[in-house]
*Asks:* 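One structure, pasted below without further comment.
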Protein chains: 2
Amino acid sequence: MNARIKPAGTRTEPDTAVPLLHTTAGFANDGSSCPIREVLDRVGDTWSILVIINLQEQPVRFNALKRSIEGISQRMLTVTLRSLERDGLVTRTVRPTTPPEVEYGLTELGQSIAVPISSLGSWAASNRDSMRRAREAFDLQS
Amino acid sequence: MNARIKPAGTRTEPDTAVPLLHTTAGFANDGSSCPIREVLDRVGDTWSILVIINLQEQPVRFNALKRSIEGISQRMLTVTLRSLERDGLVTRTVRPTTPPEVEYGLTELGQSIAVPISSLGSWAASNRDSMRRAREAFDLQS
DNA sequence: CTGAATCCCCCGAGATACTG
DNA sequence: CAGTATCTCGGGGGATTCAG
């Protein structure tokens, strides 16, 4: 439902590769039997989590999103968003103005995964110092 | 507190490198300003999350852990555990028997991060099918 | 403004073999 | 049983350039 303006149309298909990350002798030892593995393989890269967090409040346009995620490159933002869209976590809405405006937001599925992810985010904010200290202590006693 | 049997002792220090993952011209563009980035850099690899989940119930010995995590190599289990230990999430307890028994468990900090991580795990179990379907649908309309 | 295409480097992680 | 040491390779991701 919810007819969007345009379903992105042609994308000149990049490669269709779908890495599979670390198949042992082509046997499909990805984590398809393990839901956590499977989900992490999709969302456990460097940027997906951060993108989801930044979309949780409201839809955001491409460049605004880029500015809000420190250190992300244009390419990786595009790639990450496409991947999240593919997995049904993110919607992409094009307004055919000039210059074009493209807004990204979370789907219901995206909103639902944003909950545990935000918890993790809160944990990170609260405990990163503890981790730092632990690391220093560990490194000292070599 | 809680004097362990042995603090692991000499480990022949590997390299001290601490990758820094993708420093742009050595400028320290890791995510030290962003707690989520910083934590994900430590725990967002292929195996850490799974290890934490598997240690949540009770302490587990090395090989038992290895058996419970499908697809992990001995090396990566060792490396992952060492990293988690370094960050204060995991404890390592050696019983000097023959053969040696080494038990790994979560610290308090580890237990606390295990909570949001488990939520993510539950989400994964509940929603991976939705993700799969979304992916198939997306791939169809190319 | 949003994005695709290329080039290329680095490091994560598997395979294997060896120790206490 | 629980590690460590080497070698190797694929691919994730940055930088850059071109396009609608």
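In what follows, chains carry the letters A, B, and so on, assigned in the order in which the sequence lines appear, proteins first and then strands, with residues in each chain numbered from 1. For clarity, every value in this text was computed on a predicted model and none was experimentally measured. Below, all heavy atoms of this structure are taken into account, side chains as well, without hydrogens, waters or symmetry copies.
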*Asks:* It should be established whether B:S73 places a side-chain nitrogen or oxygen under 4.0 Å from OP1 or OP2 of nucleotide C:dG14.
*Replies:* yes
*Asks:* Taking atom C1' of D:dT4 as reference, at what distance in whole Å does atom CG of B:L81 sit?
*Replies:* 14 Å
*Asks:* Rounded to the nearest angstrom, tell me the gap between atom CD1 in A:I69 and atom P in D:dG13.
*Replies:* 13 Å
*Asks:* Kindly point out which of D:dG12, C:dA4, D:dT4 is positioned nearest to the side chain of A:T46?
*Replies:* D:dG12
*Asks:* Mind calculating the distance between CZ (B:R92) and P (D:dC1) to the nearest angstrom?
*Replies:* 16 Å
*Asks:* Taking the six-membered ring of A:W47 as reference, does the NZ or CZ atom of B:R37 fall below 6.0 Å from its centre and within a 45° cone about the axis?
*Replies:* yes
*Asks:* Using atom CG of B:D41 as one end and atom P of D:dG12 as the other, report the distance to the nearest whole Å.
*Replies:* 17 Å
*Asks:* Looking only at side-chain atoms of B:M76, point me to the closest of C:dA4, C:dG14, D:dA2.
*Replies:* C:dG14
*Asks:* Side-chain contact, heavy-atom cut-off 4.5 Å: A:L109 with A:D87?
*Replies:* no
*Asks:* With the side chain of A:P100 defined as its heavy atoms from C-beta on, choose the nearest nucleotide among D:dC1, D:dG3, D:dG20.
*Replies:* D:dG20
*Asks:* Does a side-chain N or O of B:Y104 approach OP1 or OP2 of D:dG3 to a distance below 4.0 Å, or not?
*Replies:* yes
*Asks:* Using whole Å, report how far CZ of A:F62 lies from P of D:dA19.
*Replies:* 19 Å
*Asks:* Please tell me which of the listed nucleotides, C:dA4, D:dG13, D:dA2, lies nearest to the side chain of A:R82?
*Replies:* C:dA4
*Asks:* When the distance from CG of A:L40 to C1' of C:dG12 is rounded to whole Å, what number comes out?
*Replies:* 16 Å
*Asks:* Less than 3.5 Å apart, which donor and acceptor atoms pair up between the side chains of residues 74-81 of chain B and the rest of the protein, not counting sequence neighbours?
*Replies:*
unit_1, atom_1, unit_2, atom_2, d
B:T78, OG1, B:Q74, O, 3.0
B:T80, OG1, B:M76, O, 2.6

*Asks:* Side-chain N or O of A:R75 less than 4.0 angstrom from OP1 or OP2 on D:dT17?
*Replies:* no
*Asks:* Under a 3.5 Å distance rule, please check whether B:S48 uses its side chain to pair with a backbone N or O of B:G44 as donor and acceptor.
*Replies:* no
*Asks:* Would you say the side-chain atoms of B:T107 pair up with the backbone N or O of B:L89, donor to acceptor, closer than 3.5 Å?
*Replies:* yes
*Asks:* Nearest to the A:Q74 side chain among C:dA4, D:dG3, D:dC1, which nucleotide is it?
*Replies:* C:dA4
*Asks:* Give one of base, sugar-phosphate or nothing for A:E101, where a contact means two heavy atoms less than 4.0 Å apart.
*Replies:* nothing
*Asks:* What is the separation between atom CG on B:L77 and atom C1' on D:dC1, rounded to the nearest whole Å?
*Replies:* 13 Å
*Asks:* How long is the line joining CD1 of B:I72 and P of D:dG3, in whole Å?
*Replies:* 13 Å
